[in-house]
Amino acid sequence: MRLAPYPSGALHIGNARMLVLNDEYVKRYNGRLLLVYDDTIGATKDAIENDPNAKYIIPEAYDLIREGLEWLGIDYDKNNVIYKSDRVKIYQNYAQDLIQKGEAYVCTCDATVFREKYKKVGKPCPCKELSIDVHLDRWKNMLDGSYEEREAVVRINTGMDQKDPALRDHVIMRISDAEHPRIGTKYRVWPILDFSWGIDDHELGVTHIIRGADLQKEGFMEHYIWDLMGWEPAAILLYGRMRFSNEFILSKTLARQKINTGEYESWKDPRTWSLQSLEARGIQPDALRESLLDLGMSQSGISFSEKWIYAKNTKLIDSDANRYWFVEDPVKLDIINLPKERYVSTPSLHPSYEERGTRLIELKTKDHKASVYISRLDTKIQMSRKETKVRYPKFSEGTRFRLKDLFTVEIQSVHPKKFEARFLTEKVEPSIRKIQWVPYESNVKVHVLKPTGVITHGKAENTIKTVKPGTIMQFERYGYVKMQKSQKNGLYCYFTH
RNA sequence: GCUUCCGUAAUGUAGUUCGGUCAAGCAUGCGAGGCUUUCACCCUCGUCACCCGGGUUCAAAUCCCGGCGGAAGCACCA
């Protein structure tokens, strides 16, 4: 079997299904998995230079792809990595052979004219009438540069009377003067996907192909070629297309553009949905793998939900993720009537694993007063996730709540920018609302990059200063977060989910 | 328009090849409860489905026909 990524950027969540399915199939039947970079040049030089949306190969993509495969644990044959760009001569030879046999011809019709005038009505174009010698001449002209880009193509003679318009005398070779990142301008006549794979799946000994249903036509074309050559056909299995929710933009080309303009910080930006970005966020490879495997080989189109990954990921990371307190959009809360001079809170790092120990958060009082930060969200109407259930009231005079693992207070007064409360008791009442807090005097700024690209700001307890980059932790009642780095203006984290 | 593929609950999937064991399994979601100084995790219980209409048959989610619905292809992209 084989993986055939196009090196225009890092692999993303949409490509991952192909990877995982192939990998799993090979493992199950003890097969071999080839990595074949499908790095033929598609667009013309003209398009690449003038059309910002043109697909093209970027040199760094080869490594980005390899990184992604490694992260996902795809077990491909690392000693036998293949580049289609090394094999162009092979396709050219086969194409010439087909022309010689009258199974292919060189067409000089304009693409639009061919489509409108001939393909749509199922009539052959005038080129097809010409002799094999003329076509061989034209073929030479393609190779030696006498023809410009788009002036001529090689079409395979599947027949203009094919029922399916998609199959009528499809192009198999075309001209591009674009420079290839690996082999430069060594070749100018490049194969189309259908043709190159018709050749390679045979030449490389591929017996089974798993690909998306959008490549169904390519399967027909390959079969046509195998028949023509008298080759043993490979088995082709298709899986359905995945649609992604929200404003998922799964385009490597677009991601590349945004990285270039600086709108995204790198391939790690969560909006690329690249495998690199998932790793950066703290998604476990197995969470992705299992979610994708759950979809099976169904050919129906599915709306993919990232929540499936999150659900699996939560189960994988929860036991490792230590708990910390973080308040998003902090507001000050002044507390009065404090009887003691010092309060110490020692919440455990993980309630299910007490043996990991506790954190220590200290709140000092002065003249029986102290201040903490709480999240603005908690001061507004709080709807429980179960919407039908508890609806915590907006903070107003008399509202009682507990600063978690500290003490219970009651709101005395509400000001635009702060709240004042009075100490009630240290005794825990099981049913009272508990909220996270951090000391006003001692805390650390934290910036969290959300999957939408928005960065939110807040304050966390000081103890997270010791958390190492790359660690996944849980901000209680907020979500899981992966520590990235310490910056001058505070700590920087990626939101996991 | 032409061609092909698909159609099981809110979402996804198992079962359809060789009709009965499927009054339909699983996961996520949702709901109830338990645990808990997190609306986390974990545990228990519950909830919702075979696109429609015919036909074949003792028996159909499974086979046949016809509808309807959805997706993909019809690029000198991959």
Side-chain angles (χ1 to χ4, degrees), chain A residues 4-8 38-44 47 53-57 107 109-112 114-115 119-120 122 149-155 162-168 170-176 189-190 192-194 196-197 212-220 238 240-243 245 252-253 290-291 293-305 307-312 314-315 317-319 321 323 325 345 347-348 350-353 382-386 388-390 392 402-406 408 428-436 474-480:
Chain A
Y6 180 65
S8 61
D38 205 348
D39 60 345
T40 59
I41 291 189
T44 56
N53 295 317
K55 280 190 185 181
Y56 61 87
I57 300 161
C107 173
C109 298
D110 176 82
T112 318
F114 185 87
R115 185 192 325 129
K119 178 180 273 190
K120 276 197 179 166
E149 289 182 333
R150 304 188 67 89
E151 270 190 355
V153 291
V154 180
R155 293 186 182 278
Q162 283 280 348
K163 273 177 140 185
D164 183 348
L167 267 27
R168 292 173 191 157
H170 205 265
V171 171
I172 56 170
M173 301 291 286
R174 42 53 164 110
I175 301 168
S176 172
V189 178
W190 293 84
I192 246 42
L193 179 141
D194 316 44
S196 68
W197 278 113
D214 50 323
L215 260 36
Q216 195 186 48
K217 177 205 70 180
E218 283 70 10
F220 287 117
L238 304 175
R241 242 212 142 153
M242 296 197 290
R243 281 188 308 282
S245 55
K252 291 189 272 193
T253 303
E290 284 168 29
S291 312
L293 249 23
D294 277 353
L295 310 182
M297 281 293 294
S298 153
Q299 279 204 55
S300 39
I302 43 189
S303 317
F304 186 86
S305 171
K307 291 188 182 137
W308 301 334
I309 301 177
Y310 298 164
K312 290 201 188 288
T314 297
K315 289 176 177 38
I317 63 177
D318 185 77
S319 59
R323 271 56 172 170
W325 293 343
S345 176
S348 63
H350 193 122
S352 309
Y353 304 91
Q382 269 288 295
M383 202 120 48
S384 157
R385 236 214 308 209
K386 303 158 190 168
T388 48
K389 276 273 263 189
V390 198
Y392 294 115
R402 185 168 180 88
L403 296 174
K404 192 165 180 260
D405 281 295
L406 195 66
T408 303
V428 184
E429 302 160 68
S431 61
I432 200 163
R433 176 184 182 194
K434 286 131 196 141
I435 66 175
Q436 280 66 215
Q474 189 201 73
F475 285 163
E476 285 187 17
R477 273 171 66 247
Y478 183 75
Y480 297 91

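Lettering of chains follows the sequences in order, A, B, ..., and the numbering in each one begins at 1. Small disclaimer: the values here were computed from a predicted structure and weren't measured.
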I'd like the C1' distance from B/C26 over to B/U36, given in whole Å. 29 Å

Let's see if you can work this out: which of B/U38, B/C76, B/A75 has an atom nearest to the side-chain heavy atoms of A/Lys119? B/A75

Say you pick atom P in B/U13 and the same atom in B/G19; how far apart are they, in whole Å? 24 Å

A/Glu429 (side chain) and B/U37 (base): donor-acceptor pair under 3.5 Å: no

Where protein sits on nucleotides 1-10 of chain B, one letter per nucleotide: B base, S sugar-phosphate only, - none, heavy atoms under 4.0 Å: BBSBSS----

Hey, does A/Ile41 reach any base, or is it just sugar-phosphate, or nothing, if we go heavy atoms under 4.0 Å? sugar-phosphate

Whether A/His350 and A/Tyr353 hold their rings parallel, tilted or perpendicular, with breakpoints at 30° and 60°: perpendicular

Taking only the P atom of each, what is the distance from B/U16 to B/U21 in whole angstrom? 13 Å

Whether the side chain of A/Arg323 and the base of B/A40 hold a donor-acceptor pair under 3.5 Å is what I'd like checked. yes

Please, what dot-bracket string fits RNA chain B when only Watson-Crick and G-U pairs with both distances under 3.5 Å count, crossing ones use [ ] and pairs to another strand use |? (((((((..((((......[....))))((((((.......))))))...(((((..]....))))))))))))....

Could you tell me whether A/Tyr480 contacts a base, only the sugar-phosphate backbone, or nothing, with contacts defined as non-hydrogen atoms closer than 4.0 Å? sugar-phosphate

A/Lys120 near the nucleic acid: base, sugar-phosphate alone, or nothing, with a heavy-atom cut-off under 4.0 Å? nothing

Under 4.0 Å, counting only non-hydrogen atoms across every strand here, what does A/Leu215 touch: a base, just sugar-phosphate, or nothing? base

Does A/Asp294 reach a base, just sugar-phosphate, or nothing at all? Heavy atoms under 4.0 Å. sugar-phosphate

In the structure I gave you, are the side-chain heavy atoms of A/Ile435 and A/Leu403 within less than 4.5 Å of one another anywhere? yes

Using a cut-off of 4.0 Å on non-hydrogen atoms, how would the nucleic acid contact of A/Thr314 be classed: base, sugar-phosphate, or nothing? sugar-phosphate

Please determine whether a side-chain nitrogen or oxygen atom of A/Arg174 lies at a distance below 4.0 Å from atom OP1 or OP2 of B/A78. yes

If I pick the P atom on B/G53 and the same atom on B/G69, what distance separates them, to the nearest angstrom? 16 Å

Taking any heavy-atom pair under 4.0 Å as a contact, classify A/Val428: base, sugar-phosphate, or nothing. base

Rounded to whole angstrom, note down the C1' distance from B/A23 over to B/U8. 15 Å

What nucleic acid atoms does A/Leu193 come within less than 4.0 Å of, heavy atoms only: base, sugar-phosphate, or nothing? base

With sugar-phosphate meaning primed atoms plus P, OP1 and OP2, does A/Thr44 contact a base, only sugar-phosphate, or nothing at under 4.0 Å between heavy atoms? nothing

Rounded to the nearest 0.5 Å, what's the gap from OG on A/Ser345 to CG on A/Leu406? Could you check? 5.5 Å

For A/Arg241, which contact category applies under a 4.0 Å heavy-atom criterion: base, sugar-phosphate, or nothing? sugar-phosphate

